Amino acid sequence: MSPDPCTWRRLPPSSPGTPYAMALVSADSRIAELLTELHQLIKQTQEERSRSEHNLVNIQKTHERMQTENKISPYYRTKLRGLYTTAKADAEAECNILRKALDKIAEIKSLLEERRIAAKIAGLYNDSEPPRKTMRRGVLMTLLQQSAMTLPLWIGKPGDKPPPLCGAIPASGDYVAKPGDKVAARVKAVDGDEQWILAEVVSYSHATNKYEVDDIDEEGKERHTLSRRRIIPLPQWKANPETDPEALFQKEQLVLALYPQTTCFYRALIHTPPQRPQDDYSVLFEDTSYADGYSPPLNVAQRYVVACKEPKKK
């Protein structure tokens, strides 16, 4: 019989009797399995690539012979048709393996996030230890940068359209952010003014249609209860400018962007959208200290740029 919630409070988080400890063990076990499967898929990818190498070399040599003879005979046409058919099948096989590998990586990241949340809850229920110190700002900025860099790139099949929360595509109307998800949250500042901050979802109540979120800069100290309209989920995939440019904000579009080295979102205009998958947006923040009302161009990752529903200032 598992202990009641009051007992969990008295048990250390690592105690095998707590559901949080069991969740951590279960996540660790599944992550180990997934890493083994991922390793096998990576080996399969290399084997598939090595196997198809010979066919690609044959294609190149056939083209060289055709150039040397300066003619395209029926023999070469038939041969190339066969070689390209094989190359297409090889590429599709390698693509399928890579997609499976990406799925494994996504599942591992999801489990790591669940593990982090379970560990966080366990810490909240541990009365024997002092409260965790606020993270140093330099460490927090590094983690935010890493989160932006590791945001997965949406890679759809031919004909697939980017899903909601890919790049500039907003969440669906009935979407509910999960605990641990990062969002832009509109809160009241100490001076009474409202501002958009980077926050982490703690919970959502379907009864009240309200979120509980933690200020990412003061995790565990600044908790806010906010309505859905005060929450904007952040992108869960980067959009590829080379294949899905329509999933990106366009030049001079009004957005909310995370100001570099802060945890606050401010209004900005898109100066230049990303040109390559690894590129950031270049944005112009609204700033009255400049003659034209905008700052010089600053780079902001796709992860931290969302739509601004407020009208553009004249």
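Remember, predicted model here, so these are calculated numbers, not experimental data.
- Comment: Asp193 does not engage Lys188 in a salt bridge, judged by the lack of any side-chain N to carboxylate O separation of less than 4.0 angstrom.
- No side-chain heavy atom of Ile232 sits under 4.5 Å from any side-chain heavy atom of Val183.
- Within the 3.5 Å criterion, the main-chain N or O of Ala32 finds a donor-acceptor partner in the side chain of Thr36.
- For Glu194 and Arg230, the salt-bridge test passes: some basic side-chain N is under 4.0 Å from an acidic carboxylate O.
- Residues Tyr290 and Pro296 form a side-chain contact, since some pair of their non-hydrogen atoms from C-beta on lies under 4.5 Å apart.
- Around CD of Gln145, the count of heavy atoms belonging to other residues, nucleotides or ligands within 6.0 Å does not exceed 12.
- For Ala184 against Leu234, the heavy-atom pair with the smallest separation is N-CD2, 3.9 Å.
- In this structure a side-chain-to-backbone donor-acceptor pair under 3.5 Å is present from Asp160 to Lys157.
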Would Lys88 and Glu92 count as a salt bridge (charged side-chain N to carboxylate O under 4.0 Å, His left out) if you check the C-alpha gap in whole Å, the side-chain angles of each, and the deciding distance to 0.1 Å? CA-CA 6 Å; Lys88 182 175 179 289; Glu92 289 172 347; 2.7 Å; yes
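- Enclosure of atom CZ in Arg99 by more than 12 non-hydrogen atoms of other residues, nucleotides or ligands within 6.0 angstrom is indicated.
- Tyr266 and Asp287 share no donor-acceptor pair across their side chains, judged by distance under 3.5 Å alone.
- In this structure, Asp214 contributes its side chain and Ile216 its backbone to no donor-acceptor pair below 3.5 Å.
- Note on Lys182 versus Glu200: salt bridge recorded, some NZ/NE/NH1/NH2 to OD/OE distance being below 4.0 Å.
- Between the side chain of Gln250 and the backbone N or O of Leu248 there is at least one donor-acceptor pair closer than 3.5 Å.
- Asp280 is not listed as a side-chain neighbour of Gln302, based on a closest heavy-atom distance of 4.5 Å or more.
- A heavy-atom distance below 4.5 Å is found between the side chains of Ile97 and Glu48.
- A 6.0 Å sphere centred on NZ of Lys161 holds no more than 12 heavy atoms belonging to other residues, nucleotides or ligands.
- A salt bridge is defined here as a Lys NZ or Arg NE, NH1 or NH2 lying under 4.0 Å from an Asp or Glu carboxylate O, and Glu107 with Arg30 meets this definition.
- Side-chain N or O atoms of Arg228 include one that pairs as donor or acceptor with a backbone N or O of Tyr175 at under 3.5 Å.
- In this structure, Asn55 contributes its side chain and Ser52 its backbone to no donor-acceptor pair below 3.5 Å.
- Counting heavy atoms of neighbouring residues, nucleotides and ligands inside a 6.0 Å radius, atom NZ of Lys210 does not exceed 12 of them.
- Thr263 has its side chain out of reach of Ile197: every pair of non-hydrogen atoms, C-beta onward, lies at least 4.5 Å apart.
- For the atom pair CD1 (Ile270) and NZ (Lys251), the distance works out to 10.0 Å, reported to the nearest 0.5 Å.
- Listed for the Thr68 side chain is a donor-acceptor partner under 3.5 Å among the backbone atoms of Glu64.
- A salt bridge links Asp279 and Arg276; the closest N-O separation between the charged side-chain nitrogens and carboxylate oxygens is under 4.0 Å.
- Between Lys178 and Asp181 a salt bridge is recorded (basic side-chain N to carboxylate O distance below 4.0 Å).
- Taking 4.5 Å as the limit, every side-chain heavy atom of Pro235 sits out of range of all side-chain heavy atoms of Cys166.
- Two residues are said to be in side-chain contact when any heavy atoms from C-beta on lie closer than 4.5 Å; Pro152 and Lys238 fail this criterion.
- Ion pair Glu94/Arg49 flagged as a salt bridge, since at least one NZ, NE, NH1 or NH2 atom sits closer than 4.0 Å to an Asp/Glu carboxylate oxygen.
- Put simply, the side chain of Tyr211 gets close to the backbone of Ala177: a donor and an acceptor are under 3.5 Å apart.
- Checking side-chain atoms of Tyr304 against main-chain N and O of Leu144 turns up a donor-acceptor pair under 3.5 Å.
- When ring centroids are compared, Phe285 and Tyr259 come within the 6.0 Å threshold.
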